[in-house]
Amino acid sequence: MSFYHSYKRSVATLLVAGSFIALAGCKKMIAIDAPINSTGNETTFKTDAGATSALMSVYAKLMQNTDMTWSNGGMTVYSGLLSDELKPVLLMTGDPNYQYYSTRITVDNGISDLFWADMYKTIFFANSVMEGAAASTGEHFTDSVRTLIAGETRAARAFCYYYLVNMFGDVPMPLTSDITKISRLKRSSVAEVKEQIISDLSAAADLLPNNYSASGGEKLRINKLVATALLSRAYLFNEKWGEAIASADKVINSGQYSLATLDNTFKPNSPEAIWQLKMTVKPAQQVLFEPEAICANARSQYLPPEALEPLFSDPELYGQVVSVYFLGAYVCAPSLIESFEPGDQRKLKWLDSLATPPAAPYYSKPYYFSVKHEKFTDPGASIPAPPYYNVIRLAELYLIRAEAKAQLGDINGAAADLNMIRKRAGLPNTTANTKTAMLAAIQHERQTEMFCEWGARFIDLKRYNKATEVLGKLDYKQPWSPDYLLLPIPKADLISNSALTQNPGY
C-alpha cells in the first residue's frame with residue numbers, strides 16, 4: 001500500500017523521539033516535535049524514557065498541530081456534513097468540502113485521501129512502537145513500561161480501525177510495520193476488522209492500570225478504563241449486547257467518573273471525560289480544527305446590540321460579514337435543531353445562535369452552531385481555549401448500556417440509564433415502555449446528546465439501517481445512493497497495490 005511506502009523511514013524516525021521530548025509531567029507529554037533522524041531501535045528502547053517518548057509519537061499523531069486531521073475535529077465536521085448535522089454557510093458546489101454535504105464525493109477528493117492516510121500513519125506508528133518495545137532487551141527498559149506500551153499501542157490501533165471500517169468498509173488491516181508483509185495487503189472484511197478491534201481492546205484492558213498516573217493525573221493517555229469504554233462501544237457495534245453491558249458496567253461502576261454539569265462536560269479533565277486528547281499549541285494562537293470550523297470568531301451575544309443593527313437592515317452586508325466574523329464555515333442543519341425537545345437544556349448550553357435579517361433569503365431564521373468545544377477561552381477575546389478534545393465520555397457509556405439492555409428486553413434497566421442523561425438535560429423521564437419504543441427513544445437521545453461528536457450520528461444512521469430513510473429524503477443529497485455512505489479508496493493506493501479494490505459507486 002502506498003501509504004506505507006512513504007513511511008519506510010517512519011520506524012527509524014520514531015526511534016529517536018526520545019531525543020526531542022522531555023517527559024517531565026503531563027504538560028510535556030503532548031509537546032512533541034517531529035523526530036528528524038534515527039540512531040536506531042537499540043537506542044530508543046534502551047530506557048524507559050526513550051521508549052515512552054516513542055509512545056508519545058502515537059498520541060502526537062492523533063492530535064498533531066496541523067489545520068485538519070480526522071482526529072482533531074475532521075471526523076466530527078465531515079461526518080456531520082455526510083449526515084444531517086451540519087451544513088456549509090457558503091454553498092460553493094465546486095469545493096471538495098461541499099461534496100460531503102451533497103454526498104457526492106469523488107475519487108479525487110483530497111479530504112477523503114487525508115482521512116485514509118492519517119489513520120494509517122497512526123496505525124503504522126502504533127505498530128512500530130509496539131514491535132520496538134517488545135523486541136528491546138535494554139537493561140534500563142522496565143517490564144512495567146513495556147506493558148504500558150503494549151496496551152496503549154493496541155488500543156490506539158483499535159481506535160483507528162474503528163473509524164476506518166466505519167468510513168471505508170472493508171479495509172487492509174496491517175498488524176505489523178514490516179513493509180514487505182503489508183505493501184500488497186488486500187482488504188479485510190468488516191467482520192474481520194471488528195473482531196480485531198475487540199481483540200486489541202480486550203488485550204489493552206488486561207494490560208493497563210485503571211488510573212491516569214502515567215499522564216500526571218490528566219486524562220490524556222489510554223488506561224484500563226479507557227480501553228474498556230472503547231471496548232463497550234465496539235461490542236455495541238458488533239451487536240454483542242451482554243458484553244457491551246459488562247464493559248459499560250466496569251466503567252460506570254468504577255467510581256472514577258460522574259456526569260458533569262452541562263457547562264463543564266467538555267472542559268479539560270471534566271469529571272465526565274474518560275479520554276481526552278491535547279494538541280501541542282504552536283503557534284500560541286492554534287486552535288482545534290472542530291471549533292475553528294464550526295465556532296464563531298466573535299460570538300454575537302458578547303457584542304452590544306447596536307453593533308449588529310446595520311447588518312440586519314442590509315441583507316447583502318449581513319451575508320458578507322457573518323461568514324467572516326460571526327460564523328464558522330459550517331452551522332447546524334435544521335434537522336438537528338428540530339430534534340431537541342422543548343426545555344432541553346443542551347440546546348441552550350451546547351449550541352449558540354446568530355439572529356438573521358427578516359428579509360430574504362434569511363427570514364429571521366437563526367443560524368445555530370455547536371459550542372461543545374469553544375474556540376476561545378473568553379468568547380469576547382482572542383485567547384484560544386485550552387486545546388483539550390473529548391474522545392469518549394461517561395454519557396455515552398450510559399447510552400450504550402441502555403441500548404444493550406433494551407435489546408435484551410430489560411426495559412426498566414434501559415429506562416434507568418436513559419433517564420440519567422435526560423435528567424441532566426432538564427427533561428422528564430422517558431415514557432417508552434416497550435422494546436421498540438425504548439430503542440427509538442435511545443436513538444433519539446443519542447442524536448441530541450452526542451451531536452457533533454466523532455461522527456456518532458453518521459455511524460448510528462448506518463448501524464441502525466436508517467441512513468437511506470433519513471438522508472435519502474434530503475433534497476441536497478439527491479439523487480440519493482447508499483454507495484456514498486462509504487468514502488472512496490484513494491486512487492494512489494489502488495494504483496500501487498493491485499490487491500485493493502474500489503468501493504461501489506466510485
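Computed from a predicted model, the values in this text were never measured in an experiment.
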Candidate pair Glu338 and Ser335, rule side-chain hydrogen bond (donor to acceptor under 3.5 Å, both in side chains), full reasoning: CA-CA 5 Å; Glu338 293 164 3; Ser335 56; over 6 Å; no
Given the rule in the side-chain hydrogen bond (donor to acceptor under 3.5 Å, both in side chains) test, do Thr176 and Lys181 qualify, once you have shown the distances and angles that lead to the verdict? CA-CA 8 Å; Thr176 175; Lys181 295 180 179 179; 5.6 Å; no
The test is side-chain contact (heavy atoms from CB on, under 4.5 Å); show your working for Met63 and Thr69 and say whether it passes. CA-CA 8 Å; Met63 191 49 67; Thr69 64; over 6 Å; no
Tell me, with the steps shown, if Leu277 and Val391 meet side-chain contact (heavy atoms from CB on, under 4.5 Å). CA-CA 7 Å; Leu277 293 170; Val391 180; 3.7 Å; yes
Does Leu231 form a side-chain contact (heavy atoms from CB on, under 4.5 Å) with Glu243? I'd like the steps, not just the answer. CA-CA 9 Å; Leu231 184 58; Glu243 293 92 333; over 6 Å; no
Step by step, would you call Ser79 with Met167 a side-chain contact (heavy atoms from CB on, under 4.5 Å)? CA-CA 9 Å; Ser79 292; Met167 301 308 290; 3.7 Å; yes
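Atoms CG and CD, on Leu201 and Gln196 in that order, are 9.5 Å from each other to the nearest 0.5 Å. Residue Arg457 holds its CZ atom at 6.5 Å from OG of Ser83, rounded to the nearest 0.5 Å. Rounding to the nearest 0.5 Å gives a distance of 11.0 Å between CG of Asn166 and CG of Leu485. Taking CG from Asn127 and CD1 from Ile182, the interatomic distance works out to 7.5 Å, rounded to the nearest 0.5 Å. Atom-to-atom distance recorded for Lys347:NZ and Ser339:OG is 9.0 Å, nearest 0.5 angstrom. Arg401 CZ to Ile245 CD1: the interatomic distance, rounded to the nearest 0.5 Å, is 8.5 Å.
Here the closest heavy-atom approach between residue Lys219 and residue Ala273 is recorded as NZ-O, 2.8 Å. What you find for Thr228 and Ser247 is that their closest heavy atoms are CG2-O, 3.4 Å. Across all non-hydrogen atoms, the minimal contact from Pro174 to Arg157 is O-CD, 4.5 Å. For the residue pair Met450 and Leu399, the shortest heavy atom distance occurs at SD-CD1, 4.2 Å. Scanning both residues, Val77 and Glu290, for their nearest heavy atoms gives CG2-CA, 4.3 Å. When every heavy atom of Pro342 is checked against every heavy atom of Leu427, the shortest pair comes out as O-CD2, 3.8 Å.
Two rings, from Tyr120 and Phe124, have their centers 6.0 Å or more apart. For Tyr98 and Tyr101, the ring centers sit closer than 6.0 Å to each other. Under the 6.0 Å cut-off for aromatic ring centres, Phe159 and Trp70 qualify, their centroids lying closer than that.
Asp178 and Thr180 share a donor-acceptor pair across their side chains, judged by distance under 3.5 Å alone. Neither side chain, Gln276 nor Tyr389, offers a donor N or O lying under 3.5 Å from an acceptor on the other. Side chain to side chain, Asn503 and Arg187 meet the donor-acceptor criterion of an N or O pair below 3.5 Å. If you check the side chains of Asp200 and Tyr161, you find no donor sitting under 3.5 Å from an acceptor. Looking at Trp480 and Thr468, their side chains do bring a donor and an acceptor atom within 3.5 Å of each other. Side-chain contact, Ser215 with Glu218: no donor N or O sits under 3.5 Å from an acceptor N or O. Side chains of Lys466 and Gln443: a donor-acceptor N/O pair is present below 3.5 angstrom, by distance only. A donor atom on one side chain and an acceptor atom on the other are not found under 3.5 Å apart for Lys365 and Thr356.
For the pair Glu85 (side chain) and Leu81 (backbone), a donor-acceptor distance under 3.5 Å is absent. Put simply, the side chain of Arg184 gets close to the backbone of Ser496: a donor and an acceptor are under 3.5 Å apart. Side chain of Asp460 to main chain of Gln447: no donor-acceptor pair is present (N/O by atom type, distance under 3.5 Å, no hydrogens or angles). In this structure, the side chain of Glu192 engages the main chain of Ser189 through a donor-acceptor pair within 3.5 Å. Listed for the Arg424 side chain is a donor-acceptor partner under 3.5 Å among the backbone atoms of Ala260. Asn223 contributes a side-chain N or O that, together with a main-chain N or O of Leu225, makes up a donor-acceptor pair within less than 3.5 Å.
In this structure, the side chain to side chain donor-acceptor pair (under 3.5 Å) partners of Asp352, at least two apart in sequence or on a different chain, are Arg299, Gln301.
Side-chain contact between Lys186 and Leu500 is absent, with no heavy atoms from C-beta onward closer than 4.5 Å. Side-chain atoms of Leu471 and Asp84, non-hydrogen and from C-beta on, do get closer than 4.5 Å to each other. Using a 4.5 Å heavy-atom threshold, the side chains of Leu354 and Leu327 count as touching. Side-chain contact between Leu236 and Trp241 is present, with at least one heavy-atom pair separated by less than 4.5 Å. Between Leu82 and Ile105, some side-chain heavy-atom pair lies under the 4.5 Å cut-off. A heavy-atom distance below 4.5 Å is found between the side chains of Ser71 and Trp454. Between Val89 and Tyr330, every side-chain heavy-atom pair lies at or beyond the 4.5 Å cut-off. In this structure the side chain of Leu55 reaches within 4.5 angstrom of the side chain of Arg221, judged on heavy atoms.
Of the candidates Tyr100, Tyr506, Tyr78, Ser112 forms a side chain to side chain donor-acceptor pair (under 3.5 Å) with just one, namely Tyr100. Partner Arg346 forms a salt bridge (Lys or Arg N to Asp or Glu O under 4.0 Å) with one of Glu449, Glu453, Glu341 and no other, that one being Glu449.
Atom OH of Tyr325 sits in a sparse spot, with 12 or fewer heavy atoms from other residues, nucleotides or ligands closer than 6.0 Å. In this structure, Lys435 places its NZ atom where more than 12 heavy-atom neighbours from other residues, nucleotides or ligands lie under 6.0 Å away.
Ring geometry, Trp350 versus Phe451: the interplanar angle falls from 30° to 60°, so the pair is classed tilted. Using bins of under 30°, 30° to 60° and over 60° for the plane-to-plane angle, the ring pair Tyr162/Phe237 lands in the perpendicular bin.
The pair Lys240-Glu195 meets the salt-bridge criterion, with a side-chain N (NZ, NE, NH1 or NH2) lying under 4.0 Å from an Asp/Glu carboxylate O.
Cation-pi check for Lys267 over Tyr388 is not met; the charged atom does not lie both under 6.0 angstrom from the ring centroid and within 45 degrees of its normal.
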